[in-house]
Amino acid sequence: MSELSSKYNPHEVEGKWYQHWMDNGYFGSKPDPDKEPLTIVIPPPNVTGVLHMGHMLNNTIQDILIRKARLEGKNACWVPGMDHASIATEAKVVKRLREKGIKKSDLSRDEFLAHAWDWKEEYGGVILEQLKKLGASCDWDRTRFTMDEKYYESVLDTFIHLYEKGLIYRGYRMVNWDPEALTAVSDEEVIYTEERSKLYHVRYQVEGTDEYVTIATTRPETILGDTAICIHPEDERYTHLHGKRAIVPLVNRSIPIIQDEYVDREFGTGCLKVTPAHDVNDYDLGQKHNLETIDILNANGTLSEAAQILVGEDRFTARKKIAPMLEEAGSLIKTEEYDNKVGRSERTNSIIEPRLSLQWFVKMQPLAEPALKAVEEGEVKFHPAKFNNTYRHWMTNIKDWCISRQLWWGHRIPAWYYGEGEEEFVVAKTADEALEKARAIKADIQPADLKQDEDVMDTWFSSWLWPISVFDGFYDREELDYYYPTNDLVTGPDIIFFWVARMIMAGYEFENKRPFENVYFTGIIRDKLGRKMSKSLGNSPDPIDLINKYSADGVRLGLLMTAPAGNDIPFDDAICEQGRNFANKIWNALRLIKGWKVEDKAQSEDNAKAVQWMRQRLASELTSINENFSKYRLNDAAMSIYKLVWDEFCSWYLEAIKPAYGEGIDAETYESTLDLFADLMAILHPIMPFITEEVWQSLRDRNEGECLIVGAWPKAEAFDADQLQAFETTKQIISEIRAVRAQKNLSPKDSLKLHQKGEAGGYTQFAGILSKLANVEVAINETASGPGASFIVGTLEFAIPLEGLIDASEEIEKLEEELKYQEGFLNAVMKKLSNERFVNNAPEQVVAAEQKKRADAESRIASIKQQLATLNG
RNA sequence: GAGGGAUUAGCUCAGUUGGUUUAGAGCGCUACCUUGACAGGGUAGAGGCCACUGGUUCGAAUCCAGUAUUCCUCACCA
C-alpha cells in the first residue's frame, strides 16, 4: 500500500492513458455492418480558435456520449475537424500581413491565399491539440477541414445544384455591409444592441415658400443622400404640402414631398426623410415611389463624391462635422439624447451600413418547409424541447440568405461571366465546364473571355454540409450509408439558426434524410456574476490552466454537474474542485481495498448481506442512470454516479465490509468487491475516463490490450425493492444512534444497547452490519431498563438506555418538541379525514394512506406520551 | 412591439399525468472529530409561506388567469 500515495496524482495518469488509447487505435471507427454505429460530428471550431469554456463543456458532453456508446458495444465514431471561418480568418491574415508591412490590396488573390494557407498550417488547429488534453476520444484520422479538396468540391456542387434548381439567384438588394471587412454579411451576423446616440431635428425649406418641415434623424450625414420627404397622406397638419417639394440643406437639392401610409404620425414630427441608398425601409419607399437613389458612401464607410460635401471623410467624422454645419445654415432645430438599437458586425464589431449591392442569395422557403416539419414531428429532437419554439418562429419567418462575401478566403463562387452584362454568366464547377456552357450560348467565347466571380461564399454555406461532407458523402456512398444520419449533435443555442437549422435543411435537400436525430443544446458558460465570458472582461479562465490545476476528470465532472441542458452555467473554479476531490476519494477507496490482506476463510453472513445489498443498489441506480442518459439528463446521471460511488459504495458498503484492525478479508467478499468497483468504474468512465481506467487497470492483473475504454457497460440486473428499503431503514437507525452519541458526547468506542419495541422489522437482516457501524447490541422486543434516549424510524420505536448519562429535563424538552410535531402532523391528517368530501371523492388508496398516517401518528404520540410520563416520574 | 421560457434553501438545480408521513439533492454554512483509505476526509446539524394575487379541486410547488421580476428569440420609427 505504501506504493500508492494518499493523494491522487492525475497528471501522469492522464497523459499515460491518452497515449495508450491512441496507440491502440481505440478511437478509430470503420464501417462495420455487424455493429450499430453511433456517430457524432463535432461542431467544427474556427481554424483560428483557441479552446474556451464553451468548447470544454460541449466537447465533454460529446465525449461522454461517445464513450458510453463505445462501452455499450456500438461502433462509436466521433468526427473532428475545423471550419475555415472565412471572415474571421481573413481578418487575422490581413492583420498579420499588415504587421509585416504588406497590404492586402498589393497582393494578387493567389498570393494572398498562399499567405492564408501558410497561416493555417502554422497556427491553425491548436484547439484540436487542446481537446486531447480534455480526453476527447475523437477519431483523429478522420479530421476534416471545410476547405479540404473533396469538401471544397462538395460546396461547389451544392451551389450548382441549388442554382440549377432555381434556389440560388443573384440580385441587387439592400444588404448588411461591414465597412471594415468590406463585405456583405447575413442577417444572422448582425448583432443589435441598445446604444445611446443623438437624435437630430433638422428643418427643410419647402420650395418656393418661407415654410419649413422638420424631420428627425440619428444619421444626419445621410441627409446628403435624401431624395424625398415623406408624410402620411391623411396627416392633416401637412395637407397643404401635398405636391410640393423641399430643399435638402447644405446641398440645396430639390426633392419631392411624397405621401405614404408607412409613416407613423405619432412618431417625432410625423415627417420622414427618405434615403433609399442607406436604409431598408427607405429603399422600399424609393422603389414604390420611383425615387432617385443617391449612394453617398464608399465601401469603406467614407463619403463618396455623390455626397458633394465632406467627401472622403469617414461616416462618423462626417456625422460630427455636419451638425455644426447644419447649425450654421440655420437648419438644426435641436439635438437630443436618444436610445436606439445599433447593428454591429458579429466579426469585426463595426457598425453595419445597409448597402445596396449585387449579391448571391439562397431562396430559403422551399428548404425550410421539410426542415420545420422534421422538428415539429419529432424526426429531429431538441433537448431541451423549449428550443422548438425558437426554431419554429425563425423557420416560419425565414428570409432569403445572402451567401456572397467580398473576401478571398473561402469557397469561390462558381459563376463565370462571359460578357459585359450582369446577366451574362454560367454556373459551372470548372473553367472548362464553364467554357462549354458559355459556348452553348455564344459559340465564339474564348477561354480568356471568361471571368470567375470574385466573391466567396458565406462560411455557413460550407458548414451546413458538415454531417454529409465529413464522410465525403457526395462522392463515396459506403461511409455515408453507414454513418448517416448521425445520432447526436451537441452545440450552443447561439448557433441554432446559423448552423443547426441550415444543417437540417441541407440534410433533407441533399440526402432526403435528417442529418442527426438528437440535438443537445448546452447552456452558455457565464462567470460567477452571470456575465458572459469575454476576452475584454478577462473573466474567462484558460481551460488548460484549469485542467492542470484540477485534472481533466475533475473539470469534466465539475462542468457537468451544474449543467443541465440549455441552462446557463455560472462558472466558478470551485465546481472543478468538487471533481478533483471526487477523483481523490475514488483513489483512496482503491488504496483501502488494495491494502487488505486476503485470507482463506469463510465469508461471514454480514459480508454476504453487504455484497448482496451493494449489487442490488448498483442495479437499481444503474436503471435510473440509463434512463437519465437516454433522456440526455447528463447532470442527473452524473449526480447519481457520484452519490453511488461516494455514499453507497465508500461510506456504506466499504465501511460495512471493512475488516477489523489487524484482520484480513475473506476471499469471496474481496473478489466481489473488486467486481463491484470495476462496474462502478465502467459506469463512471464516460464522465471521468482517466481515473476510471487507472483504477480499473489496478484492480486486477489485466491482459495486454485489455482496457476499460473498450470494456462493457454493466447490465442493469433485477433488484429487490424491499431489501433496498430495509437497508435504507438500517442507515436511518445508524444515523439516529450516531446523533444520540453526538448529543450525549459518547465516544463511538463505547458500545451501547439498542432496544426495539414490538415486532422485528425487515432491517434485522442487516442487524450485524448495524451493530458494527453503530457499535450497538441489538435487542428486539425487550423493554429497556431505566431512562435513556429514544427515537423513531418509520413506525419502529427504539430506545437506548443511558443510565446516569441522561439529563431528564433535556430529554423532556426534546420529546415535547417531537410531540408537538407529531400532533401537528396528526392534526393535518385529521382535517383531511374529517372532510366528508375528501373521504367520498378521493381514490380509495389515497384515503387508506391517510388512515395509515393517522394510525402511525397516533401510535407515535402514545409512545412519546408514555416516555414523558416515565421521565416525569 | 411580438412570441417563448423561467421564478422552489445562501448558490446551482430536481420535483416525472395534482395525493409517497406538513418539499429533495449537490455545493456552501455551523458544531464536533489529528479513528488505522481519504482533512481534497468523517459524523451530526441549521436552513424554504415553493415570487405575489385570485381561481379550479375533496386536495395545488404541480392545473388556469392576472401581476411583478428576469432571461432568450424575432422584428423595429426616422
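Order of the sequence lines sets the chain letters (A, B, ...), proteins ahead of strands, with each chain counted from 1.
- Nucleic acid contact for A:N840: none, since no nucleic acid atom lies under 4.0 Å from a heavy atom of the residue.
- Among the heavy atoms of the strands, none lies under 4.0 Å from A:D282.
- Judged by distance alone, with hydrogens and angles left aside, A:E736 brings no side-chain donor or acceptor close enough to the base of B:A44 to form a pair under 3.5 Å.
- With hydrogens and angles ignored, a donor-acceptor pair under 3.5 angstrom links the side chain of A:R860 to the base of B:U21.
- Remark on RNA chain B: of its neighbouring residues A:M561 and A:K631, the 5'-side contact belongs to A:K631, judged by nearest-heavy-atom nucleotide.
- Using a 4.0 Å heavy-atom distance criterion, A:P748 is classed as making no nucleic acid contact.
- With the nearest nucleotide of RNA chain B identified for both A:R580 and A:W394, A:R580 has the one nearer the 5' end.
- Among the heavy atoms of the strands, none lies under 4.0 Å from A:N397.
- Nucleotide B:G41: paired with B:C33 (Watson-Crick or G-U wobble, both distances less than 3.5 Å).
- Across all strands, A:L272 comes closer than 4.0 Å to base atoms (heavy-atom distances).
- Within the nucleic acid shown, A:Y338 comes within 4.0 Å of sugar-phosphate atoms alone, with no base atom in reach, counting heavy atoms only.
- Contact annotation for A:K386: backbone-only contact, meaning every heavy-atom pair under 4.0 Å involves sugar-phosphate atoms and none involves a base.
- With both pairing distances under 3.5 Å, B:G19 is matched to B:C58 as a Watson-Crick or G-U wobble pair.
- For A:N340 and B:A78, the shortest distance from a side-chain N or O to OP1 or OP2 is below 4.0 Å.
- Backbone-only engagement by A:A739 is indicated by non-hydrogen atom pairs under 4.0 Å involving sugar-phosphate atoms exclusively.
- Residue A:C650 is in base contact, counting any heavy-atom pair closer than 4.0 Å across all strands shown.
- When heavy atoms are screened at a 4.0 angstrom cut-off, A:K341 is found touching base atoms of the nucleic acid.
- When both distances must be under 3.5 Å, the Watson-Crick or G-U wobble mate of B:A2 is B:U73.
- Residue A:S735 is in sugar-phosphate contact alone, with no base atom involved, counting any heavy-atom pair closer than 4.0 Å across all strands shown.
- Residue A:K831 is classed as having no contact, given no heavy-atom separation below 4.0 Å to the nucleic acid.
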